[in-house]
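This structure is a prediction, so every number in the text was calculated from the model and none was measured. First the proteins, then the strands, lettered A, B, ... as listed; each starts at 1.
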Protein chains: 2
Amino acid sequence: MTTQTRHHHGNLRPALISAGIDILEAEGISGLSLRKIAVRVGVSHAAPAHHFDGKIALLVAIAAEGFLIFSQMMEESRDKAAADPRSKLIGLCQGYLGFAAQHEALFELIFSTDVKNHADENLEKCSMQAFQLLQETCDLFEPSPHGNRSNAIMIWSLVHGYACLRANNKMVLFENETNTPLEMILPQMTPKTT
Amino acid sequence: MTTQTRHHHGNLRPALISAGIDILEAEGISGLSLRKIAVRVGVSHAAPAHHFDGKIALLVAIAAEGFLIFSQMMEESRDKAAADPRSKLIGLCQGYLGFAAQHEALFELIFSTDVKNHADENLEKCSMQAFQLLQETCDLFEPSPHGNRSNAIMIWSLVHGYACLRANNKMVLFENETNTPLEMILPQMTPKTT
DNA sequence: AACCATAACTTTACAGTGTCAAGTTTGTTT
DNA sequence: AAACAAACTTGACACTGTAAAGTTATGGTT
């Protein structure tokens, strides 16, 4: 009941995830260690082991949280956009790119091999939710003649690749077109008329 | 002149790079350590320090080598394709995807933050060469109304994103369309008539 | 109220990592 | 033959993740 220092932290699991995100954003993936997280939360270096089955499991939990922020930014940006399908899609993609730019390390983490190779139910749920947003926004358009979902695959690939290449500074190869807006590279698709 | 064990290895630098690639392909990025590389080459754990300024510098050298393989696969695949522009482009992109699939860890490395944040002349040269291939293949088509290079930006983003998402098994979300061929998502562009 | 089982956390220890400083061997130059 | 620089080794250090064993708090039962 009192707020004095207790032997039991009491809320350690979420605190570790939150501290992990902080360190991640400040120092990048390579600067993130279990022991640093433990110090920041004010707990012994072995404490995380009682809440996460190894470092990767903590990374996965952080990644799940990352997917939530990811979804949130995409949804918010889409909702702010005008009502027509193309504006909605561009808004969503701007959210995608915004997340990649503002949460560089987190973006790297959620698509990292470490995380992908560690099956986790909650992570699966959170990542599905993010891609569901993309899917349903693509569904505002007529399906491609090539198949129901090839629009979504194309858009997703396009915006993801664009985000990666921008993060890698590869776009500087294209001189001063560094900020090529989405409008230029998003292909024309026909909105549904329903 | 003799082949007996010498104190001096004599060819250590390239040997370290080569061993590094081997371990990388076998165990992934997280399994790659300087000491493992040293052991595999049959040299002391501190030997690499005399040829590379720290681990990252060795990773960068490996990445440069990776970009060479990358270019080689794209070029080979493009040259095997039919003569028309679209076939050439699809061939090149198949090389791109083939590299990402067959050299998963190397693909991850060459686009990693560690490597990108370490300026290196040779790496710059090798990566430029890879993207030059993509650029010149896109130049077989009429430039987009949005600008000279927006075709290349679009194609590059598209194929890179597609490669990443496939590597991350995210395509399973799209049921059995896992192997959606490039033809379906590559947009139509008008070949030059020269 | 006393007790105890269990969860939460600490302490200690260990193997593996990258890096540095100091030594040894080899090859080359003079 | 001597001197010197390059190539490599040895030993040490701080940091990492993980495991085992010990300590402290919590909640429930009687």
Legend entry - Donor-acceptor under 3.5 Å (A:Lys116 side chain, B:Ala167 main chain): yes
Inset, instruction - Answer yes or no: is there a donor N or O on one side and an acceptor on the other, between the side chain of A:Asp120 and the main chain of A:Val60, under 3.5 Å? - result: no
Inset, instruction - Keeping the roles fixed (side chain from A:Ser127, backbone from A:Glu124), state whether a donor-acceptor pair exists under 3.5 Å. - result: yes
Inset, instruction - Ignoring backbone atoms, test whether A:His51 places a side-chain nitrogen or oxygen under 4.0 Å from the OP1 or OP2 oxygen of C:dC9. - result: yes
Legend entry - B:Phe67 backbone acceptor or donor facing B:Ser71 side chain under 3.5 Å: yes
Inset, instruction - Starting from P on C:dA8, measure out to CG on A:Asn11 and report it in whole angstrom. - result: 12 Å
Inset, instruction - Any chance you could list the contact pattern along nucleotides 12-18 of chain D? Use B for base contacts, S for sugar-phosphate-only contacts and - for none, protein heavy atoms under 4.0 Å, 5' to 3'. - result: B---BBB
Legend entry - Check: A:Met73 main-chain N/O paired with A:Ser77 side-chain donor or acceptor under 3.5 Å: no
Inset, instruction - Return the value, rounded to whole Å, for the distance between atom CZ of B:Phe52 and atom C1' of D:dA7. - result: 14 Å
Legend entry - B:Thr137 side-chain N/O to B:Leu133 backbone N/O, donor-acceptor pair under 3.5 Å: yes
Legend entry - Residues B:Trp156 and B:Tyr96: side-chain donor-acceptor under 3.5 angstrom: yes
Inset, instruction - Nearest whole angstrom, please: distance from the P of C:dG18 to the NE2 of B:His50. - result: 16 Å
Inset, instruction - Give a yes or no on whether B:Asn117 atom CG has more than 12 heavy-atom contacts from other residues, nucleotides or ligands under 6.0 Å away. - result: yes
Inset, instruction - Go through residues 12-25 of chain A and report each residue with a non-hydrogen atom lying under 4.0 Å from DNA chain D, sorted by number. - result: none
Legend entry - Residues in side-chain contact (heavy atoms from CB on, under 4.5 Å) contact with A:Lys36, at least two apart in sequence or another chain: A:Ile23, A:Glu27, A:Ser33
Inset, instruction - Under 4.0 Å between any heavy atoms, over every strand shown, what does B:Ala49 touch: base, sugar-phosphate, or nothing? Just pick one. - result: nothing
Legend entry - Results of ring-ring contact (aromatic ring centres under 6.0 Å, His included) for B:Phe107 - residues two or more places apart only: B:Phe111, B:His160
Inset, instruction - Please list, by residue number, the residues of residues 104-111 of chain A whose heavy atoms come closer than 4.0 Å to an atom of DNA chain D; answer none if no residue qualifies. - result: none
Inset, instruction - Report the residues that fulfil ring-ring contact (aromatic ring centres under 6.0 Å, His included) with A:His51, sequence neighbours left out, ordered by chain and then residue number. - result: none
